[in-house]
Amino acid sequence: MPTTSKTDLATLPSAYDHHAAQAKWYPFWEEKGYFHADPAPVLKGDKKPYSVVIPPPNVTGALHLGHALNNTLQDILCRRKRMEGYEVLWMPGTDHAGIATQAVVERRLLQEEKLSRHDLGREGLIDRIWQWKEQYEKRITGQLKQLGCSCDWQRQRFTLDDQCARAVRETFFKLFSDGKVYRGKRLVNWDTFLQTAVSDDEVFHEEVKGHFWSFHYPVVDPKAGEPTHVTIATTRPETMLGDTAVAVHPDPAGQLDKVEAELKEKLAAAPAKERPPIVAQIEALAERRKTHLPKLLQLRDMAKRGVQLTLPLAERTLPLIADEWAKPELGSGCVKITPAHDANDYEVYQRNESIGTINIMQPDGKLNDSVPEKYRGLTMPQARKAVIADLTEAGFHDPESDVEDRLIDLAHSDRSKTPIEPYLADQWFVKMDVLAQSAMDAVTSGDVSIVPERYGKSYLDWLGEKRDWPVGRQLWWGHRIPVWRKDGAKSVCLLDDSEAQKVEKDGFTHDEEVLDTWFSSALWPFSTMGWPDQTDLLKAFYPTSVLVTSRDIITLWVARMVLMGKYLLDEIPFPEVYIHPKILDGFGETMSKSKGNGVDPLDVIDQFGADALRFGIAYLTTETQDVRLPVEFVCPHCQGTINQTKQNRVQPRIVCSHCDKPFSTQWAEKDEDLALPRGPVTSERFELGRNFCNKLWNASRFALGNLQDYKPRAIGPDELRIEDRWLLSRLATVTGEVSTSLDEYRFADAARALYDFAWNEFCSFYLEMTKARFAQAGPDKQVAQAVLADALDTLLRLLHPMAPFLTEEVWQLLAEVAPLRGLTAAVEGTESICVAPWPVSDAAAIDPTIEEQFAKFQAVLGAVREVRQGLGIPSKESLNFAVDCDEETENLIKPMQPYFTQMAKANAVELGPDSALSEFSSIKSISGFNTPITVHVGVKAFIKIEAEKARLAKEQANLTKFTGALRGKLGNEKFVANAPAEVVEGEKAKLAEAETQLAAVAAALAKLG
RNA sequence: GGGCGCGUAGCUCAGUUGGUUAGAGCGCUUGCUUGACAUGCAAGAGGUCACAGAUUCGAGUUCUGUCGUGCCCA
């Protein structure tokens, strides 16, 4: 709370106390209601709206640094816009994440209580998942608050709450009524352990050792001269029981020509050393024409004629068909087709529907009644053994010659870690043709722009396929599909449960399935605002202003929000999508809880502070690169750090390599491990942010101390000294840079501009220089105080979005010593920096001449310091120096004399053309101003002849090389003729400057002998 | 296989439309108990800008190819 009594500045700690600031200011902001958005002023036209919906974190687990980055960036945007006077709505909430959450809870249930979901039943399991959700939602909310996020917590939503459920139901009803929902067959990724379909992004691929078996199917009634059997090969022999065709290419000769032409093209382009293998391939292809082509042509003709093959073991026949999926250049050239259990084969079926599909699997992964009795009830591995044995015995397979080893890329379920079975199932689909097109149009027309632009391509490519969206999931956790079905009757979709009882009396049953999580997420930008009701919130804040997210859900989420917004509200959900980088660990892997490399933002916040984390994140958020963050454990005993490795990141306990004491990690489960203190995981990258915050804290302490007797008064322009004007000029420039950078989502540029300004200009120069002015009361001190108060005020406001707690803490302290500030008119600071006006760059203050002149002063100061350090002259020894320079430079430097004394303990005893010292001096030339400046530093007894000679010789060598290069350039007629005149003139000036310096160095060397 | 990135100092990264002798933080070396700050101050060492070509008076920056690496899609 803002204190009513004045703080004793002497008691302020010498290091920024982030714990205290965070504990104090977040509750204050919430109590004041700064984060609560009010639609009224927007609807009245008094304020412009700015709204953002949070990408809802899923309630499966706690947030990691990736989320911290996502939310920090949103908060920076929101806080900045709030300061600019917009009515800001940042809508928070969480996602129910269907399968992920159900899987986590089920796994836990099995581990801890040895219960399956069937033991609890649908209602029981859902109850348990709600409990889990409550726990994690609370944790996530807490994390976001610790991070300082300025969300409108009074409006927090959950994708499965009543309001979102209503939007989901309304949407499904509309889709159903419009005929955009249908039920169809589709090959899904079946998890036989969880007995549900999983989406493509819940599948991971892993290579496993397997085999490639060949066997043959007899031809039914071959004509004379025709093959009597067809050879096919497969990695999954057991699926032959579900075969419905064998395919041969419709134009094997043409296909071979095509492949050969491609190989030749590749050969022509290949470097010599890569040619032999390509030549070998071409030769093999030629050989294949002789050995295989005649037979393939025969088979192709037989396929056209409608020849049947006998399917061994299954006592049925299947057709030989012509289809391009068969590759004449590979294997036998023929391929078996199992549409119900292979994605490619299913596509063949779609082109040749007459072959039909046969599903041979039950939901539990065992063979069903479509296969001969002896195989029924076998698991896939069991069936594989039996099929091979039986084929061998029947003479269709020779285990000696017809099998080879092969690595197989096998899909696994991310949820159960068991192999996926492709499985043909009835599914609910949403027709995507029109909807996808509308979402594509939104981006191609520019109504929605994606930043950086390149991500627009993956968005358009994906939507361009217009694949229908399978929306059903065989789960219990989610929005239940509002459809009631009855055999032989038309299904009904009900908007209201009151009608359900009626239809159920008529024998209709409620569909068991729930909707894909992304179905509810797609409605998020407006379901959270009360749609389908036309609420004030929706009227004021929809469409939102920007969506901030990471690239992996552009297709799953962003595209679907766009098409749903257009479909339901006839308006895009946001005009801009900003795609930010991802956080990777030191090995370049994305962070995840399951991998063990996830970092809890609270660990970082505890150690370095929320401001440090946020500033560090902004500093790292560049446009093109992901953020690589080497991660380390911090020993709770000795605070030593231990680098995280792929080995130790999954261990429940680690022994500290510094103090040999053990500590526990997030994997600790056994009591003996849990009893140990936990070692947090952080990254030393955030030291940058912490150090910066501390620097700013101390600069503020210094400023506050020197403002104790500050009295606001208007400062005339002629009262400003050169360093005042310089600082105000730089501040105006930086203000402009920060605003522009944030407008363009260049967070790193904004952070770097502020870091450099605050540290290297405000602290290192302005504060150092004003020390002398504060030492003596008078008008000069008053001017310095006014400039200091104004500059600090502006700097705090610029930094507030990135470092909210620190800036608020200082803002409140500044209000105590300088409640009124401003150079021309005294303005009272706002009660919180959250609602202080965002700085506007004062173009009139920008003075490039002052900035360049000041740079000369800095360069001379640097030269003196360099000589002192180079010769090891103790800092308490006072030095004299002279500056040989033109009159303009002389006039500039003259008034800075006190600052040389103060900042380098050196006296400028002579300035201007041909200045030098009578005492023995070391020289240092300064380049870059297109006028020679040479500094002569009197070095008294400290000269080390040999070291000085070496230093000068090195400088001479550099200058000789440089002048040589410049002469060469200027001697090049083409350069002089083609380069712009100002470039040529610049090079000439540089040469003149360097030659003067070279002469000075040579003279100094000669003097040393 | 297709698409999109990335490869710059020991590490993590900046480097606008081609035009100073390529920068920062960390780490390293040297010196500082200097009245805001050792989470600091001053200075220093450290780079064939992955490689090979091309365009240009001029390339870290543009183009082509190669290698390495990562992500997405199939």
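Numbers restart at 1 for each chain; the letters A, B, ... are given by sequence-line order, proteins then strands. Note that the coordinates shown come from a computational prediction; the quantities given were computed from them, not determined experimentally. Values below: all heavy atoms of this structure, side chains included; hydrogens, waters and symmetry mates excluded.
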_Pair A/Thr641-A/Glu684, side-chain donor/acceptor within less than 3.5 Å_ =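 There is no such pair (donor and acceptor under 3.5 Å, judged by atom type) between the side chains of A/Thr641 and A/Glu684.
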*State whether a side-chain donor-acceptor pair under 3.5 Å links A/Tyr16 with A/Glu809.*
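Note: A/Tyr16 and A/Glu809 side chains miss the donor-acceptor criterion.
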_Partner lookup for B/G23, please. Criteria are Watson-Crick or G-U wobble with both distances under 3.5 angstrom; report none if nothing qualifies._
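Pair assignment: B/G23 / B/C13.
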*Scan every strand shown for a Watson-Crick or G-U wobble partner of B/A42, both distances under 3.5 Å, and answer none if you come up empty.*
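Across all strands, the one nucleotide that pairs with B/A42 is B/U30.
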*Would you give a per-nucleotide map of nucleotides 53-62 of chain B, 5' to 3', where B means the base has a protein non-hydrogen atom under 4.0 Å away, S means only the sugar-phosphate does, and - means neither?*
----B-----
*What string of B, S and - do you get for nucleotides 25-35 of chain B, 5' to 3', if B is base contact, S is sugar-phosphate-only contact and - is no contact with any protein heavy atom under 4.0 Å?*
SS---------
*Starting at the 5' end of RNA chain B, which residue's closest nucleotide do you reach first, A/Phe587 or A/Ala994?*
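Of the two residues, A/Ala994 wins.
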*For RNA chain B, whose closest nucleotide is more 5', that of A/Leu959 or that of A/Asp626?*
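Its nearest nucleotide being more 5', the pick is A/Asp626.
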*So, do A/Phe692 and A/Tyr619 have ring centers that fall under 6.0 Å from each other?*
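Aromatic pair excluded; centres sit 6.0 Å or further apart.
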*What are the two closest heavy atoms between A/Thr549 and A/Ile553, and how far apart are they?*
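In this case the closest contact between A/Thr549 and A/Ile553 is OG1-CD1, 3.4 Å.
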In whole angstrom, give me the gap between the [atom1] atoms of [N] and [M].
| N | M | atom1 | answer |
| --- | --- | --- | --- |
| B/G7 | B/U62 | P | 11 Å |
| B/A45 | B/A22 | P | 14 Å |
| B/C51 | B/G60 | P | 11 Å |

Give me the distances for all protein-to-nucleotides 15-17 of chain B N/O pairs that come in under 3.5 Å?
none

*Do the charged groups of A/Asp552 and A/Lys582 touch, with an N to O distance under 4.0 Å?*
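Between A/Lys582 and A/Asp552 there is a salt bridge, with a charged N closer than 4.0 Å to a carboxylate O.
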_side-chain N/O A/Trp759 vs B/C41 OP1/OP2, d < 4.0 Å_ =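 Yes, such a contact exists.
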